[in-house]
Engineer: 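A single structure is presented below for examination.
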There are 2 protein chains.
Amino acid sequence: MTQEDGAAARPRRVTVVTLSKLAGVAPSTITRALKGDPRISPKTREKISALAKEYGYTPNALARTLSSGRSGLYGIVLGPESNPLYSHILHAAMDEAESIGCRLLMLHIGMEQMDEKTAEALLQYQVDGCLITSAAIGSRAADICRENNVPLVMVNRVAERHGSFVSCDNRAGAGLLAKHLLQTGRRKFAVIRPPQTSSTARDRENGFTEVLADAGIAGVMRLNYASGWDEGYAAGGVLAGMLEGEQPDAVFALSDILAMGVIDGLRAAGIRVPQDIAVVGFDGLPESQRPTYQLTTVEQPIRMMINRAFKLLEARTKDYFLPDEQVSLGGRLLIGKSSQLT
Amino acid sequence: MTQEDGAAARPRRVTVVTLSKLAGVAPSTITRALKGDPRISPKTREKISALAKEYGYTPNALARTLSSGRSGLYGIVLGPESNPLYSHILHAAMDEAESIGCRLLMLHIGMEQMDEKTAEALLQYQVDGCLITSAAIGSRAADICRENNVPLVMVNRVAERHGSFVSCDNRAGAGLLAKHLLQTGRRKFAVIRPPQTSSTARDRENGFTEVLADAGIAGVMRLNYASGWDEGYAAGGVLAGMLEGEQPDAVFALSDILAMGVIDGLRAAGIRVPQDIAVVGFDGLPESQRPTYQLTTVEQPIRMMINRAFKLLEARTKDYFLPDEQVSLGGRLLIGKSSQLT
DNA sequence: CAAATCAATGCAAACGTGTGCGCACTTTCT
DNA sequence: AGAAAGTGCGCACACGTTTGCATTGATTTG
């Protein structure tokens with residue numbers, strides 16, 4: 001173990017055994033004393049606490065996992081970096097994890113499907129549960145969790161076949177946007193959507209067009225673009241180049257980051273937002289509220305969504321056989337200058 | 001262990017012992033066969049591989065850590081979400097981690113110092129090393145690593161007292177920007193910097209002003225603003241409100257996200273960029289290269305920096321007593337329309 | 001043909017922690 | 001005073017994997 005072949009391993013840290021020898025008690029006494037077991041006398045407990053502090057003892061969470069079966073680790077899968085939404089979700093998840101005393105293992109980021117090796121990490125590190133926050137990917141991760149009895153909660157996406165999830169009420173939120181646009185006099189609509197239909201995208205689109213249909217507006221233009229700023233910008237250019245009669249007077253980009261691109265693309269081509277075309281998005285990114293955008297959008301209650309998601313995970317960590325649960329939280333309509341002046 | 005008090009633990013997964021019984025061999029044989037130990041006969045190895053596949057066996061990385069002493073886990077500390085740079089760094093780190101077969105444990109994000117609980121996680125989970133990528137925070141994390149023999153590498157920041165780091169050559173990069181601005185005829189300069197002086201900020205500022213000083217320009221205006229878009233926007237407003245004689249004709253914002261805010265702030269106040277004022281940044285964020293900004297900046301070679309950082313970490317995981325190592329990589333000057341019109 | 005070599009595998013201890021059970025010892029009750 | 005109850009703690013095994021050493025049987029060598 002003490003390999004002295006030039007390369008030296010780092011010294012192992014203080015363990016219960018070390019402490020037990022120092023204190024002249026059994027290792028089990030150390031464990032119990034530090035866990036606050038009432039069977040240990042106050043005197044002994046104090047002595048041990050003092051020693052632990054002095055020698056900088058920290059329990060080995062990995063060894064604990066081995067005997068207790070719970071790691072205190074949650075895996076997290078994020079969507080692509082091209083959408084800042086996931087960065088905000090990560091931040092919220094970190095805060096939440098910290099407040100409930102668990103840790104996050106980053107499993108995957110991006111739009112590509114997880115590969116075999118990444119999938120294995122999910123299992124190898126014995127995560128207590130897995131949080132999947134990507135609208136587009138995640139089916140693969142979900143399947144793996146299922147097959148291996150790892151509790152799973154999805155955020156910002158709806159489970160296709162089974163599984164718990166927490167989402168914003170995308171349908172209702174999109175409806176609010178449609179109503180707002182109708183109220184402000186818009187009549188010719190376009191939806192900019194990603195080419196692959198995720199549940200999130202589908203719900204938003206349907207919620208939007210249904211309200212329009214109820215108001216007697218049927219013909220809604222649909223444009224397929226990937227879901228980043230760049231694609232939104234390109235879409236804006238295309239919209240700007242349309243003939244007078246073709247051009248919509250209101251555009252619903254299915255996500256804020258896309259909407260921001262659309263606005264910039266339109267403006268770059270000389271179209272005024274909101275005077276010529278109103279643009280609305282969905283997510284409520286802080287970035288979309290900058291003075292340059294002031295985007296009208298629906299704010300997802302991210303922190304609450306994450307909070308609920310962890311609650312679901314924790315419950316399923318304790319009792320694996322709880323039934324799937326679906327939570328839908330309402331979004332808040334934020335009206336900015338991208339859809340109306342003052 | 002099998003608590004049947006209503007809440008049911010999830011079934012444990014297949015282990016080496018399970019497999020060993022199925023295959024009729026010893027557990028150690030399973031381990032060796034799957035690790036490709038040449039002492040195991042091809043016939044046995046194949047049988048075991050088949051069984052492992054059939055029963056979906058995945059080794060328990062936590063148990064492995066216990067006996068081998070290495071967890072394959074690296075802790076990562078990120079800077080505040082207000083700067084997209086850290087999101088890109090995280091992405092690069094994930095890719096790199098995946099390619100060398102290790103995992104990332106998210107330790108901390110943000111600008112606040114790590115609290116006690118978060119610091120403990122670093123130790124409890126037996127990370128093999130720690131990657132600190134925040135310019136502002138991290139001293140605390142660094143100290144904890146030091147005290148507990150956890151190898152540590154900093155990225156995008158220079159170690160204050162000791163420690164390995166990988167950084168972009170901030171001084172030289174900033175010098176490139178200064179030269180470019182001089183060449184394009186700018187003469188009156190301002191630097192927008194964060195109030196707390198990180199090593200990164202200091203180097204960039206010094207590198208910039210030194211080149212100016214060499215060219216005989218001494219009076220450089222310095223404005224303190226926190227390092228997000230919002231603060232940059234505010235700074236832009238302040239610059240725009242200056243008297244004709246006071247106003248600089250070139251502004252160096254110490255980071256891209258800040259520069260983006262400055263540009264938007266200036267434009268909102270009717271100042272033309274680059275005609276009236278040139279704006280340059282530092283980082284090379286993809287966001288700063290959008291058509292609306294086309295920011296002149298110095299691109300940090302993030303992927304290479306992360307690659308080197310992991311190399312340093314890996315080496316120190318194998319031989320803990322390697323001396324500290326400092327790596328500085330050159331940045332690439334990207335000239336955009338924020339400083340000159342073609 | 002006995003001895004030495006080698007290949008293939010098993011045994012057992014170790015990593016650090018958690019926990020059921022039991023062992024001493026003290027206190028209380030009859 | 002002897003039995004019962006209670007207190008404080010140790011023993012030993014379990015968790016799943018790794019690894020040094022021992023063991024077995026087959027093969028080669030002298």
Engineer: Would you check, one step at a time, whether the test side-chain contact (heavy atoms from CB on, under 4.5 Å) holds for Leu22(A) with Tyr55(A)?
Structural biologist: CA-CA 10 Å; Leu22(A) 263 68; Tyr55(A) 286 83; 3.0 Å; yes
Engineer: Measure the distance from CG on Asp37(A) to P on dT19(C) and round it to the nearest whole Å.
Structural biologist: 10 Å
Engineer: Base, sugar-phosphate, or nothing for Pro59(B), non-hydrogen atoms under 4.0 angstrom?
Structural biologist: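 The residue Pro59(B) makes sugar-phosphate contact but no base contact.
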Engineer: Do the charged groups of Lys35(B) and Asp37(B) touch, with an N to O distance under 4.0 Å?
Structural biologist: no
Engineer: Side-chain N or O of Lys35(A) versus OP1/OP2 of dT19(C): is the shortest distance under 4.0 Å?
Structural biologist: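 Yes, such a contact exists.
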Engineer: Could you say whether Thr29(A) or Ala63(B) is positioned toward the 5' end of DNA chain C, judged by the nucleotide with the nearest heavy atom to each?
Structural biologist: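 The 5'-side residue here is Ala63(B).
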Engineer: Could you tell me whether Glu46(A) atom CD has more than 12 heavy atoms of other residues or ligands within 6.0 Å of it?
Structural biologist: no
Engineer: For DNA chain D, just give me the dot-bracket, please: Watson-Crick or G-U, both distances below 3.5 Å, ( ) intra-strand, [ ] crossing earlier pairs, | paired with another strand, . unpaired.
Structural biologist: ||||||||||||||||||||||||||||||
Engineer: What's the CG-C1' distance between Leu66(B) and dG16(D), to the nearest Å?
Structural biologist: 9 Å
Engineer: Give the rounded distance in Å between these two atoms: CD1 of Ile40(A) and C1' of dT7(D).
Structural biologist: 10 Å
Engineer: Examine the base of dG18(C) for any acceptor or donor lying under 3.5 Å from a partner atom in the side chain of Arg70(A), and report the outcome as yes or no.
Structural biologist: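 Per atom types, no contact qualifies.
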Engineer: How close do Ala23(B) and Lys47(B) get, heavy atom to heavy atom, and via which atoms?
Structural biologist: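 Heavy-atom minimum between the residues: O-NZ, 3.4 Å.
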Engineer: Hey, could you give me the NE2/CD1 distance between His91(B) and Ile306(B), rounded to the nearest 0.5 Å?
Structural biologist: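 Result: 12.0 Å between the selected atoms.
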Engineer: For the side chain of Ser41(A), counting heavy atoms from C-beta on, which of dC9(D), dG18(C), dG16(D) is nearest?
Structural biologist: dC9(D)
Engineer: Can you check the Arg13(A) CZ to dT17(C) P distance for me, whole Å?
Structural biologist: 10 Å
Engineer: Taking only the side-chain nitrogens and oxygens of Thr44(B), find out if one of them lies under 4.0 Å from OP1 or OP2 of dA8(C).
Structural biologist: no
Engineer: May I have the distance from Arg45(B) (atom CZ) to dA7(C) (atom P), rounded to whole angstrom?
Structural biologist: 14 Å
Engineer: Any side-chain N or O of Tyr125(A) under 4.0 Å from OP1/OP2 of dG16(D)?
Structural biologist: no
Engineer: Specify the separation, in whole Å, of atom CD1 of Ile30(B) and atom P of dT19(D).
Structural biologist: 16 Å
Engineer: State plainly whether the residues Asp95(A) and Arg303(A) are in salt-bridge range, i.e. N to O under 4.0 Å.
Structural biologist: yes
Engineer: Expressed in angstrom and rounded to an integer, what is the separation of Glu46(B) atom CD from dT9(C) atom P?
Structural biologist: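 In whole Å, dT9(C) P and Glu46(B) CD are 13 Å from each other.
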Engineer: From Tyr125(B) OH over to Leu122(B) CG, what is the distance, rounded to the nearest 0.5 angstrom?
Structural biologist: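 Atom-to-atom, Tyr125(B):OH and Leu122(B):CG are 12.0 Å apart.
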Engineer: State which of dG18(C), dC11(D), dT19(D) makes the closest approach to the side chain of Ser28(A).
Structural biologist: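 Given the options dG18(C), dC11(D), dT19(D), the side chain of Ser28(A) is closest to dC11(D).
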Engineer: Between dG10(D), dT17(D), dT9(C), which nucleotide gets closest to the side-chain atoms of Arg39(A)?
Structural biologist: dG10(D)
Engineer: Where the side chain of Ser67(A) is defined as all heavy atoms beyond and including C-beta, which of dT17(D), dC15(D), dT18(D) is the nearest nucleotide?
Structural biologist: dC15(D)
Engineer: Look at Thr31(A) and dG18(C) and indicate whether a side-chain polar atom (N or O) is within less than 4.0 Å of OP1 or OP2.
Structural biologist: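 Indeed, a polar side-chain atom of Thr31(A) lies that close.
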Engineer: Quick one: do Asp128(B) and Arg316(B) make a salt bridge, cutoff under 4.0 Å?
Structural biologist: no
Engineer: Measure CG/Leu34(B) against C1'/dG16(D) and give the value in whole Å, please.
Structural biologist: 13 Å
Engineer: Would you kindly check whether a donor in the side chain of Arg32(A) faces an acceptor in the base of dG8(D), or vice versa, at under 3.5 angstrom?
Structural biologist: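 No such pair is found, so the answer is no.
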